[in-house]
Amino acid sequence: MGLYLAVFNGDDEIDGVDVGSYGDYDVFIQCVIKHVENGVNGSVCPVLTLHHDSDGEWSVEEAKVLQEELLKIKKVLTEIPPIAHDSSWVLEVMEEDGLKPSNAYESFIDVDGEFLIDRLVELTQISISKGLPILFQ
């Protein structure tokens, strides 16, 4: 089972990000806690790291804060070495797309091979511009 984050307008999906498995998402969150929050969960990126990954939503107001958190995360992760993955789909997509991460930021992708942080920033921008929450599916 995987984690899908999306913005809907009624029954119409505007955009969504297929993050991968919950385990893959947890690797990302644990990396953020370790490298951005210096091991203190919720100290720098509470909207991201304190939200339960399998239920609910990020409100438009939370999306505004989340966008700022993601930009901080991107800055920090571009400055540290790549993160090793043992997820078969991640390794497969990286090989298919010729991706060779040069830093931790480039180590995290969605199932389409797009950089996860950038896709999440795009989702926050849509949420904010449309005035709609980001739903956890």
Side-chain angles (χ1 to χ4, degrees):
M1 177 173 270
L3 175 60
Y4 189 72
L5 301 169
V7 175
F8 284 89
N9 187 3
D11 290 337
D12 297 324
E13 181 179 337
I14 297 172
D15 194 12
V17 177
D18 192 342
V19 176
S21 74
Y22 289 102
D24 298 319
Y25 184 72
D26 188 57
V27 170
F28 172 64
I29 296 299
Q30 294 307 313
C31 178
V32 171
I33 292 168
K34 179 179 179 180
H35 296 286
V36 180
E37 297 185 320
N38 296 312
V40 182
N41 191 5
S43 63
V44 177
C45 304
V47 172
L48 179 71
T49 62
L50 294 179
H51 192 283
H52 192 270
D53 66 7
S54 63
D55 189 26
E57 66 182 37
W58 280 311
S59 68
V60 175
E61 288 304 312
E62 289 172 316
K64 292 175 184 175
V65 176
L66 179 61
Q67 186 176 61
E68 294 172 11
E69 290 178 2
L70 290 165
L71 295 174
K72 287 178 194 174
I73 293 165
K74 182 175 180 176
K75 183 178 183 330
V76 171
L77 295 190
T78 57
E79 298 171 358
I80 62 173
I83 304 298
H85 282 282
D86 61 359
S87 179
S88 61
W89 76 264
V90 172
L91 298 172
E92 183 178 314
V93 170
M94 285 190 172
E95 183 176 329
E96 287 174 2
D97 291 354
L99 299 174
K100 294 180 176 40
S102 61
N103 55 51
Y105 154 75
E106 293 177 354
S107 298
F108 296 102
I109 58 172
D110 69 4
V111 297
D112 296 319
E114 302 291 327
F115 295 127
L116 180 61
I117 294 171
D118 291 346
R119 288 293 292 130
L120 294 175
V121 168
E122 290 171 11
L123 208 55
T124 63
Q125 291 169 337
I126 291 168
S127 171
I128 294 164
S129 70
K130 301 288 186 184
L132 298 166
I134 299 170
L135 304 178
F136 284 67
Q137 303 285 295

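Nothing fancy with the numbering, it's 1 onward along the sequence.
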TODO: For the residue pair W58 and L5, establish whether any side-chain heavy-atom pair is separated by less than 4.5 Å.
DONE: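 The answer is yes, as the side chains (C-beta and beyond) meet within the 4.5 Å cut-off.
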
- [ ] Taking the side chain as every heavy atom from C-beta outward, state whether D118 and K74 have any atom pair closer than 4.5 Å.
- [x]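 Heavy-atom side-chain distance check passes, below 4.5 Å.
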
Could you tell me which non-hydrogen atom of [X] sits nearest to which non-hydrogen atom of [Y], and how far apart they are?
X	Y	value
V93	D112	CG1-C, 4.4 Å
P101	P82	O-CG, 3.3 Å
N9	I14	CB-CD1, 3.8 Å
P46	E37	N-OE2, 4.1 Å
Q67	Q125	NE2-CG, 2.9 Å
E114	R119	CB-CG, 3.6 Å

Quick check for you: to the nearest 0.5 Å, what is the distance between [X] atom [atom1] and [Y] atom [atom2]?
X	Y	atom1	atom2	answer
I117	L77	CD1	CG	5.0 Å
D24	F108	CG	CZ	9.5 Å
E69	L120	CD	CG	11.5 Å
C45	L66	SG	CG	9.0 Å
E122	L70	CD	CG	11.5 Å
L116	I109	CG	CD1	9.0 Å

Could you tell me whether a side-chain N or O of [X] sits under 3.5 Å from a main-chain N or O of [Y], the two making a donor and an acceptor?
X	Y	value
N103	Y105	yes
S21	G2	no
W89	V111	no

Would a hydrophobic clustering, with Ile, Leu, Val, Met, Phe, Trp and Tyr connected at side-chain separations under 4.5 Å, put [X] with [Y]?
X	Y	result
I128	I134	no
L71	I80	yes
I33	Y22	yes
Y4	V121	no
L3	L123	yes

Task: No-hydrogen, no-angle side-chain donor-acceptor test under 3.5 Å, T49 and N41 - done: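 On atom types as modelled, these side chains qualify, holding a pair under 3.5 Å.
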
- [ ] Kindly check if the number of other-residue, nucleotide or ligand heavy atoms within 6.0 Å of CD (E96) is above 12?
- [x] yes

TODO: On the 0 to 90° scale, with breaks at 30° and 60°, tag the H51-F136 ring pair as parallel, tilted or perpendicular.
DONE: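 Parallel: the ring planes of H51 and F136 meet at under 30°.
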
Open item on the list: Which residues pass the side chain to side chain donor-acceptor pair (under 3.5 Å) test with K64, not counting sequence neighbours?
Closed with: E61

TODO: Could you list who else is in L135's hydrophobic cluster, with ILVMFWY side chains joined at under 4.5 Å, directly or through other members?
DONE: F8

Open item on the list: Salt bridge or not between E68 and K72? Use side-chain N to carboxylate O under 4.0 Å.
Closed with: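 Salt bridge between E68 and K72, a charged N being under 4.0 Å from a carboxylate O: no.
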
